[in-house]
Amino acid sequence: MAPRSERRRPSLFWPLAVIVVPLVSLLAKIRIVGREKLPANGAFVLAPNHYSEFDPLIVAVAVWRMGRAPRFMAKESLFRVPVLGWVLRSTGMVPVARSSSAAAAKQTLRQSTELVEHGRGVIVYPEGTLTRDPDLWPMRGKSGAVRLALARDLPLIPMAQWGTQAIMGRYQKGLSLWPLRKPVTVVLGNPVDLSDLRGRAGEPAALAEASTRLMNAITALLEDIRGEKAPAERWNPASHGQKETGRLDS
């Protein structure tokens with residue numbers, strides 16, 4: 001497959017890719033299924049499952065191999081850290097809107113508009129943090145990914161990845177280095193159909209419905225990879241007295 005425009009364009013991603021891609025490729029043998037689902041050009045929101053501190057690197061390398069720059073939604077506070085903040089801004093990372101206030105809604109619209117104007121994609125973890133599900137199935141989703149998608153009618157692409165837990169399990173300290181090149185499967189699905197919800201990005205009911213559709217799509221992809229069915233009821237941390245810390249979404 002010919003390289004796409006974002007990889008050909010000089011950017012800060014080039015030196016980062018020279019370092020990160022070989023290191024990740026040493027630890028993981030990444031198989032990508034459905035790469036044609038990722039738009040070759042233009043804005044998009046990519047929504048993966050999240051169960052390992054290492055899986056952002058897997059997702060980033062997969063997106064880079066598909067010809068797009070891996071830009072993530074990141075905590076706003078990180079943009080104020082010296083050097084790191086400059087790197088985040090220079091690579092076009094997107095600060096997360098931390099609430100559902102009117103100011104946050106305006107921020108989401110502005111961010112979505114900027115993605116369209118610059119033809120960029122963004123990776124948003126809809127669970128907001130590592131899943132709390134005991135068997136690593138996707139848990140209840142939050143609204144950050146769907147808010148961005150609905151604000152300017154962006155393609156919302158579900159993604160599931162599995163195998164990263166063999167490299168770094170949930171809450172594991174350090175990496176499992178041996179054997180090298182552990183198999184990891186990354187699957188992309190068709191864009192989630194939100195056509196009937198257009199123009200309703202500020203309505204809680206529309207956001208809840210969009211989030212449910214997205215999490216259903218991600219879970220279905222993961223079921224195919226794992227060859228088993230997810231629990232009928234999606235894990236809700238609040239119902240189990242769990243605190244949702246380290247959120248990247250809201």
Side-chain angles (χ1 to χ4, degrees), residues 16-33 46-65 70-75 77-78 81 84 87-88 93 96 122-142 144-145 158-188 214-215 218-231 233-250:
L16 290 174
V18 167
I19 297 169
V20 174
V21 172
L23 289 176
V24 172
S25 299
L26 186 65
L27 296 173
K29 183 179 182 181
I30 303 173
R31 180 174 71 101
I32 303 172
V33 179
L46 182 66
N49 61 321
H50 192 21
Y51 58 84
S52 168
E53 297 285 4
F54 193 78
D55 62 51
L57 290 174
I58 295 291
V59 171
V61 169
V63 169
W64 182 253
R65 286 182 177 171
R71 298 180 175 92
F72 286 84
M73 180 171 272
K75 294 184 207 175
S77 58
L78 297 178
V81 177
L84 175 60
V87 171
L88 293 175
M93 303 294 173
V96 66
V122 65
I123 302 161
V124 184
Y125 284 107
E127 296 164 273
T129 187
L130 299 179
T131 181
R132 300 295 194 261
D133 184 277
D135 296 315
L136 305 184
W137 291 103
M139 63 178 181
R140 185 190 61 165
K142 296 185 178 296
M159 172 191 274
Q161 52 83 30
W162 188 246
T164 310
Q165 72 279 9
I167 300 170
M168 186 177 192
R170 184 178 54 181
Y171 311 131
Q172 177 180 325
K173 295 186 183 300
L175 302 174
S176 298
L177 300 178
W178 192 260
L180 297 175
R181 300 211 13 106
K182 297 180 179 70
V184 176
T185 300
V186 174
V187 181
L188 287 78
L214 173 59
M215 298 314 299
I218 295 170
T219 301
L221 294 174
L222 188 57
E223 286 177 334
D224 286 343
I225 301 174
R226 293 175 59 166
E228 55 184 317
K229 295 295 290 182
E233 185 177 348
R234 190 163 291 122
W235 190 267
N236 183 348
S239 301
H240 295 83
Q242 294 175 322
K243 234 178 140 179
E244 298 177 70
T245 56
R247 295 187 303 168
L248 298 178
D249 198 355
S250 60

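Quick note: residue numbers are just sequence positions, from 1. All values below were derived from every heavy atom in this structure, side-chain atoms included, with hydrogens, water molecules and symmetry-related copies excluded.
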Residue pair [X] / [Y]: nearest heavy atoms and the distance that separates them:
X	Y	result
P48	Y125	O-CD2, 3.5 Å
M159	I218	O-CG2, 3.6 Å
A28	V184	CB-CG2, 3.9 Å
R65	S25	NH2-OG, 2.6 Å
L214	P126	CD2-CB, 3.8 Å

Practice prompt. Assess whether side-chain contact (heavy atoms from CB on, under 4.5 Å) is satisfied between M139 and T129, documenting all intermediate values.
Written response: CA-CA 10 Å; M139 63 178 181; T129 187; 3.7 Å; yes
Discussion item. Test of understanding: with side-chain hydrogen bond (donor to acceptor under 3.5 Å, both in side chains), list the residues that count as partners of R226, not counting sequence neighbours.
Written reply: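 Partners of R226 under the side-chain hydrogen bond (donor to acceptor under 3.5 Å, both in side chains) test: E228.
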Worksheet entry | Partners passing side-chain hydrogen bond (donor to acceptor under 3.5 Å, both in side chains) against T164 (at least two apart in sequence or in another chain) |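 Expected list: Q161.
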Practice prompt. Indicate yes or no for a side-chain donor-acceptor contact from R140 to the backbone of E127 under 3.5 Å, with no hydrogens or angles considered.
Written response: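 Absent.
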Worksheet item: Is it true that a side-chain atom of R170 and a backbone atom of L136 form a donor plus acceptor pair closer than 3.5 Å?
Response: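 No.
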Item to complete: Supply the atom-to-atom distance N49 CG to T131 OG1, rounded to the nearest 0.5 angstrom.
Response: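 Spacing of CG (N49) from OG1 (T131) equals 8.5 Å.
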Item to complete: Evaluate the criterion side-chain contact (heavy atoms from CB on, under 4.5 Å) for residue pair L222 and W162; output intermediate values, then yes/no.
Response: CA-CA 7 Å; L222 188 57; W162 188 246; 3.9 Å; yes
Practice prompt. Only counting residues at least two apart or in another chain, list the ones meeting side-chain contact (heavy atoms from CB on, under 4.5 Å) with L175.
Written response: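 Once residues adjacent in sequence are excluded, the partners of L175 under the side-chain contact (heavy atoms from CB on, under 4.5 Å) criterion are L27, F54, I167, M168, L177.
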Discussion item. Side chains of I123 and V63, heavy atoms from C-beta outward: is any pair under 4.5 Å?
Written reply: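 Yes, side chains in contact.
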Fill in: Heavy-atom check, side chain of S52 versus side chain of Q172, under 4.5 Å
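No, too far: nothing below the 4.5 Å cut-off.
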Fill in: Trace of the side-chain contact (heavy atoms from CB on, under 4.5 Å) decision for W64 with V24
CA-CA 12 Å; W64 182 253; V24 172; over 6 Å; no
